[in-house]
J.: 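Dropping a structure here in structure tokens format, bear with me for questions.
If you read the sequence from its start, that first residue is 1, and numbering goes on from there. Computed from a prediction, not measured in an experiment: that's the story for all the values here.
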Amino acid sequence: MTKNKSSEKFMIGYIRTTLLPILVFGGVSGVLSGLVVWGFKWCASYLENESVQIYKWFRLNPTFIPLLFAGLIVLALLSAIMNKAIPELRTNSIANAEGAMRGMKRYNWVRTIFGTMASSFLSYTGGLTFGAEGPSIQLGSTIGQATNDFGHFIEKGSPAWERYNVTGGAAAGFAVAFGAPLSGILYTLEEAHKRLSPMLLMTAASSVFFATIVSQSLGDLVGQSDYFLQIGTLTLMPYKNYWTLLLIGIACGCLAALFNTLFAKTGELVREKLIKIPTWLRIVFIFLLTGVVGLVFVDAIGGGHRIIQGILNLDFTWQVLLVMFFVRFALLIITPNSGAMGGMFVPVLTIGALVGGLLGKAFIAMGLSSEFYQTIVLITMTTFMGATMRAPLTAIVLVVEMTNNYFSSFLSTGITVMIAYLIVEALRIEPLYEKALMDSFKNAYKGKHRKVYEFSVVVEKGSFVEGRSVKDILWPYGCTIVNVIKVDDEGNKVDTTDKAGDRVIRAGQTYTVKAFVYDELKAIEEMEYLTKNYSVRETTELLKRKGFGGILLRRKAKTNKKESDGANGAVDSAFDVERKNFETQEMPADNKEIREQVDNDEKVDSDKQ
């Protein structure tokens, strides 16, 4: 009887503290993300199509070409003004979203939503090689944070839910942008968090579910297809033709390594060698360069969805595909590093599709049946994306959802993606957005070095972490649980470790935290969100201190601590007064070994998050 009551009490508590917040937060952020991202994507598609028509008109009326370049300069200057006014636009949108999900940065969501949409529209009007999918993910993650900022009306522990809700919003943005709900969930787990936990999975699934319903309903109203690409049933690749998969995997792996390397080197060149060139001038240059390309080769500009569809429909000769590959490859390396706003998901897929079109035509010339052409293009497209993003599972599922072909290309894509993935792994190539994210993170703390701290935290009864497993918690970025102290039945303190993260967190337990961070006080404050039992009033005051729109105002960290009253966990403050600073000296800038060790530690920390 007692056991049944205990189980019933646990279920009620689980529903109240976990399931209901996930459904409510997921419902709100999912519906809002579905509305905003669908509308944004529709506008982006309209502007991209209109941009192509504008370039075609100027080609037919060359007398007015100076007006075209004047208009591009105006668009570029407006984009530069927004870049200067809104810091969130200075970093790649995907890198921003992943940073917010990992707890490395926080949005001012009012200006980010407005800036992302407006600045992206300027890029699409100018014909830049940007897609709508990257900004869609940033919009979704920003809406997730906005939902959380108002969440204290729903759940008093909303500060602790922030990164979960940001993750749910990002997954919803991805799902609506591609029409691929499963890929949206996988993307946030595989690429952003690089981990799987029940709470993350449920949060992402909840937001994606509601967002998908909204976007599909809106699509039905205007007669829009649910699928990213319009394609018939693909022909299953027979085993005797699997030699083509080996060549596709090798080609995509090598090209992905080259692309990521050149992209990172170009970014370093802009930040270090060309730093004296003002951002507005770089943006004006890329708009004008796009204008020249648009006048000469209008098919090569834009996000790329139109190009991919054309490649699948055999609209281009191999000569056109080859020229278009080199033009877009170069533009895609230069454009994002200019400071202009836009996404890279579809442009990267377009590079893969161009490679696939060339390989498909080559294989046909070697005797392969032409019925496999579309299959080869789709496999190559997703393989190149999986290798550049280092997200193989997302890429494999994405091709299935984009085309509604559930069996014809699943195994084949899996083989090529893994070959390409092994190549970039062997060459130790960083994921496309990882470098941009880490550079942005370091730039936010320019002139400072990460240091190692250790502090203890006592879990309060009724706090967010109580009753949850260690691995289910999104701990502050750079923080790792290294030791657990609990009190046994006889009142003795027991010192244990929990490397697997399976331990259920109980009130009164003391957790030793090792933090490798720039700002110790910020890490402690974020840990307090998780381990302190906030009242509704305290939560409201905390969110007021953060500010409307997500402006984080630093407050003084608590330094006083009252004694815990024992194993029942009724403590007055979450933190011990003792905190060890393991490293207080700044790192010598000329010590190569130390710099390499720190870079390696940062990568390990990033993977753990």
J.: So, do I311 and I307 sit near enough that their side-chain heavy atoms are less than 4.5 Å apart?
T.: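 Yes. Closest side-chain heavy atoms under 4.5 Å.
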J.: Hey, are Y55 and E50 close enough side-chain-wise for a donor-acceptor pair under 3.5 Å?
T.: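 Checked: E50/Y55 side chains show no N/O donor-acceptor pair below 3.5 Å.
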J.: Return all side-chain donor-acceptor pairs below 3.5 angstrom for residues 346-361, not counting sequence neighbours, or 'none' if the list is empty.
T.:
from	atom 1	to	atom 2	distance (Å)
T350	OG1	V346	O	2.7
K361	NZ	F316	O	3.4

J.: For atom CH2 of W243, decide whether the heavy atoms of other residues, nucleotides or ligands shown that lie under 6.0 angstrom number more than 12.
T.: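 Enclosed.
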J.: Can we say E190 and R195 salt-bridge, meaning some charged N sits less than 4.0 Å from an Asp/Glu carboxylate O?
T.: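 So E190 does not pair with R195 through a salt bridge.
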J.: Of all residues at least two apart in sequence or in a different chain, which pass the ring pair (Phe, Tyr, Trp, His ring centres under 6.0 Å) check with F297?
T.: none
J.: Taking the side chain as every heavy atom from C-beta outward, state whether I94 and M344 have any atom pair closer than 4.5 Å.
T.: no
J.: When you check the gap from the basic side-chain N to the acidic O, do E48 and K41 get nearer than 4.0 Å?
T.: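 No.
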J.: Quick one: which residue pairs count as a ring-ring contact (aromatic ring centres under 6.0 Å, His included) with a foot in residues 245-265, not counting sequence neighbours?
T.: F259-F329
J.: So, N96 and E88: side-chain donor and acceptor under 3.5 Å apart, yes or no?
T.: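 No, E88 and N96 have no side-chain donor paired with an acceptor closer than 3.5 Å.
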J.: Is any side-chain heavy atom of T203 less than 4.5 Å from a side-chain heavy atom of T167?
T.: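 T203 does not reach T167 side chain to side chain.
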J.: Distance only, no hydrogens: is a donor on one side chain within 3.5 Å (strictly under) of an acceptor on the other, for Y124 and S45?
T.: no
J.: So for atom CZ, which belongs to F121, do other residues, nucleotides or ligands contribute more than 12 heavy atoms lying within a distance under 6.0 Å?
T.: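 Correct, the count exceeds 12.
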J.: Return yes if a side-chain donor-acceptor contact under 3.5 Å exists between S29 and T147, otherwise no.
T.: no
J.: Indicate yes or no: at least one non-hydrogen side-chain atom of S197 is less than 4.5 angstrom from one of K471.
T.: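 S197 does not reach K471 side chain to side chain.
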J.: Decide yes or no for S120 and M341: does some side-chain heavy atom of the first lie under 4.5 Å from some side-chain heavy atom of the second?
T.: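 Yes, at least one pair of side-chain atoms sits under 4.5 Å.
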J.: Just by distance, with hydrogens left out, do K105 and S440 show a side-chain donor and acceptor under 3.5 Å apart?
T.: yes
J.: Side-chain contact, heavy-atom cut-off 4.5 Å: I213 with F209?
T.: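 Yes. Closest side-chain heavy atoms under 4.5 Å.
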J.: So for atom OH, which belongs to Y242, do other residues, nucleotides or ligands contribute more than 12 heavy atoms lying within a distance under 6.0 Å?
T.: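 Counting neighbours around OH of Y242, more than 12 heavy atoms of other residues, nucleotides or ligands fall under 6.0 Å, so yes.
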J.: Taking atom CG of L393 and atom CG of L182, what is their separation to the nearest 0.5 Å?
T.: 12.0 Å
J.: Hey, can you tell me if W42 and W38 have their rings parallel, tilted or perpendicular (30° and 60° cut-offs)?
T.: parallel
